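Data block below; observations after.
Remember, predicted model here, so these are calculated numbers, not experimental data. Atoms within a ligand are numbered from 1 in the order they appear, just like the ligands themselves.
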Amino acid sequence: MNLNIAVLPGDGIGPEIMEQAIAVTNAIANKFGHKIQLTYAICGADAIDKVGNPYPNATHDVCMNNNAVLFGAIGNPKYDNNPTATVRPEQGLLAMRKKLGLYANIRPVKAFETILSKSPLREELVRDTDFLVIRELTGGLYFGQPRGISEDGNTAIDTCAYSREEIERIIQLAYSFAQKRRRKVTVVDKANILATSQLWRKIAQEIAPKHPDITTEYLFVDNAAMQLIQNPKTFDVLVTENMFGDILTDEASVITGSLGMLPSASIGLHTSVFEPIHGSYPQAAGKNIANPIAMVLSAALMFEYAFNLNAESQLIRQAVDASIANGIVTVDIAFDKSYTTTEVGQWLVNYINKATI
Ligand code: IPM
Ligand code: MN
């Protein structure tokens with residue numbers, strides 16, 4: 001099969017973890033006889049420095065003209081403490097999500113048996129945790145109008161808006177995932193307060209009876225934040241709006257031991273994007289210490305969701321499991337000896353090269 005992939009390494013540790021994900025992707029292509037065509041494009045602070053725009057049109061064209069996008073990370077500390085910056089790297093990510101119509105962000109959270117003790121939670125709470133967060137990605141507070149700071153600088157407004165259509169498509173997607181899993185959907189909202197959440201819950205209650213074989217549970221977001229810590233293994237598919245999903249997935253990521261392990265898939269109207277959920281981690285940039293696993297597992301999601309190549313995706317996951325079980329891991333999840341980003345990537349590549357399929 002011909003696999004045409006847009007590659008957007010971005011900022012911070014993005015380029016170094018991307019290098020390993022591409023090495024793994026190439027190894028998989030060789031093993032299974034696929035032909036890979038990579039097209040690199042700029043984004044984030046890197047693109048602001050080069051062309052003044054964090055998601056240039058040329059980059060958008062590259063994304064639209066390929067079958068999948070692998071995305072590293074964006075962000076640069078020089079913008080973080082400057083709330084008045086008019087062009088920010090994050091705007092590039094939001095523009096990409098909006099222009100590619102990426103309304104669903106799927107974030108799988110799965111515990112790895114051999115590093116359970118790296119979790120801040122007790123091992124018995126974390127063991128067998130395996131759930132998906134489906135985060136709505138192109139609506140809510142991130143995009144609602146009006147927004148802005150008043151001319152006198154003394155008031156500010158953000159708008160949380162959702163339409164029936166936006167809510168229906170994301171909730172239906174949650175049911176289609178639950179159907180293939182443990183058949184439970186948890187709808188997370190703040191319907192005791194927010195109008196958007198009340199519409200969200202009303203629509204969920206219309207859709208739920210159409211899936212009698214799936215259990216539907218409703219949680220307010222504050223309660224969900226607590227349940228995720230107290231009882232992570234009770235979740236199967238959790239669906240929620242954009243901002244709640246952003247916050248809950250950072251929380252969920254540490255359950256499994258490191259933010260450096262969680263991949264994501266953003267799917268929607270045009271080309272799908274596969275990206276780790278961690279950010280650009282500027283403190284580690286260029287040091288060859290960043291964990292490449294979230295990026296590598298994002299490539300695994302790409303094989304599965306964008307190309308429907310499940311054996312390929314499975315082999316990547318198997319290689320990652322083996323590297324963790326053998327202690328070939330970066331410092332964030334190491335017990336004694338730790339390995340560099342490139343050493344972990346190379347180990348995965350060797351594992352794939354040697355595997356029999
Ligand atoms: C994420 C990130 C982004 C978000 C930032 C970088 C804009 O935190 O993908 O979760 O808030 O969506
Ligand atoms: Mn986030």
Side-chain angles (χ1 to χ4, degrees), residues 8-15 17-18 21 42-48 53-55 59 63 69-83 85-109 132-144 147 158-160 162 166 170 188 221 224-225 228 238-256 258-268 272-285 290-291 294-295 297-298 301-302:
L8 278 55
D11 303 322
I13 59 168
I17 56 170
M18 183 65 83
I42 56 171
C43 66
D46 177 39
I48 298 178
N53 179 345
Y55 186 60
T59 297
C63 293
V69 180
L70 277 177
F71 185 93
I74 59 159
N76 185 306
K78 74 179 172 197
Y79 298 95
D80 290 350
N81 293 319
N82 178 8
T86 47
V87 190
R88 313 177 64 82
E90 290 78 6
Q91 288 166 346
L93 189 54
L94 298 202
M96 179 177 79
R97 289 172 180 170
K98 201 63 172 179
K99 288 173 87 171
L100 292 176
L102 302 169
Y103 62 81
N105 182 224
I106 297 150
R107 300 186 161 183
V109 179
L132 285 186
V133 178
I134 301 193
R135 167 186 175 192
E136 202 291 328
L137 203 58
T138 50
L141 280 169
Y142 275 57
F143 293 97
R147 58 169 286 149
D158 289 294
T159 300
C160 186
Y162 269 107
E166 287 173 311
I170 195 86
V188 173
V221 62
L228 274 175
L238 188 159
V239 60
T240 192
E241 65 91 50
N242 202 345
M243 180 89 161
F244 297 159
D246 178 45
I247 297 168
L248 292 180
T249 49
D250 261 37
E251 182 190 357
S253 74
V254 294
I255 295 173
T256 55
S258 169
L259 184 59
M261 315 275 283
L262 242 72
S264 85
S266 297
I267 61 177
S272 299
V273 174
F274 301 88
E275 58 172 310
I277 92 146
H278 60 66
S280 57
Y281 192 15
Q283 303 87 331
N291 191 338
M295 188 74 239
L297 289 174
S298 299
L301 289 177
M302 171 185 74

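- The Arg107 neighbourhood of ligand 1 comprises atoms 1 (C), 9 (O), 10 (O), with distances under 4.0 Å to a heavy atom of that residue.
- In terms of polar-atom proximity, Glu275 is not counted as a contact of ligand 1, lacking any N or O under 3.5 Å from an N or O of the ligand.
- Below 4.0 Å from some heavy atom of Asp246 lie the following atoms of ligand 1, by number and element: 1 (C), 4 (C), 8 (O), 10 (O), 11 (O).
- If you look at the Mn ion (ligand 2), the protein N, O or S atoms less than 2.8 Å from it are Asp246 OD1.
- With a 4.0 Å cut-off on non-hydrogen atoms, Gln91 does not touch ligand 1 at all.
- For Arg88 (side chain) and Asn82 (main-chain N/O), a donor-acceptor pair under 3.5 Å exists by modelled atom type.
- Glu136 places no side-chain N or O within 3.5 Å of a backbone atom of Gly245 that could act as its donor or acceptor partner.
- The proximity of Arg97 to ligand 1, defined as any non-hydrogen pair under 4.0 Å, is limited to the side chain.
- Of the possible polar contacts, one joining the Ser280 side chain to the Gly75 backbone as a donor-acceptor pair under 3.5 Å is found.
- Across Phe71 and Pro276, no two heavy atoms sit closer than the pair O-CD, 3.2 Å.
- Contact check for Leu70 versus Met295: side-chain heavy atoms found under the 4.5 Å cut-off.
- When only interatomic distances are considered, the shortest N/O to N/O separation between Glu90 and ligand 1 does not fall below 3.5 Å.
- Contacts between Arg135 and ligand 1 below 4.0 angstrom, taking non-hydrogen atoms only, involve the side chain exclusively.
- For the pair Ser264 (side chain) and Asn105 (backbone), a donor-acceptor distance under 3.5 Å is absent.
- Using 4.0 Å as the threshold, Ile277 has no heavy atom nearer than that to any atom of ligand 1.
- Residues satisfying the side-chain hydrogen bond (donor to acceptor under 3.5 Å, both in side chains) test with Tyr79, not counting sequence neighbours, are none.
- At a threshold of 4.5 Å between non-hydrogen side-chain atoms, the residues Val87 and Pro54 count as touching.
- Checked by atom type and distance alone, the side chain of Thr59 pairs as donor or acceptor with a backbone atom of Ile42 at under 3.5 Å.
- Looking at Asp11, its side chain does come within 3.5 Å of a backbone N or O of Ala45 through a donor-acceptor pair.
- Of all atoms in ligand 1, numbered sequentially from 1 with element shown, those under 4.0 Å from a heavy atom of Tyr142 are 4 (C), 11 (O), 12 (O).
- Closest to atom 5 (C) of ligand 1 among all protein heavy atoms lies Leu93 CD2, 4.1 Å.
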For Glu275 and Ser266, run side-chain contact (heavy atoms from CB on, under 4.5 Å): C-alpha distance rounded to whole Å, both residues' side-chain angles, the deciding distance at 0.1 Å, then the answer. CA-CA 8 Å; Glu275 58 172 310; Ser266 297; 3.9 Å; yes

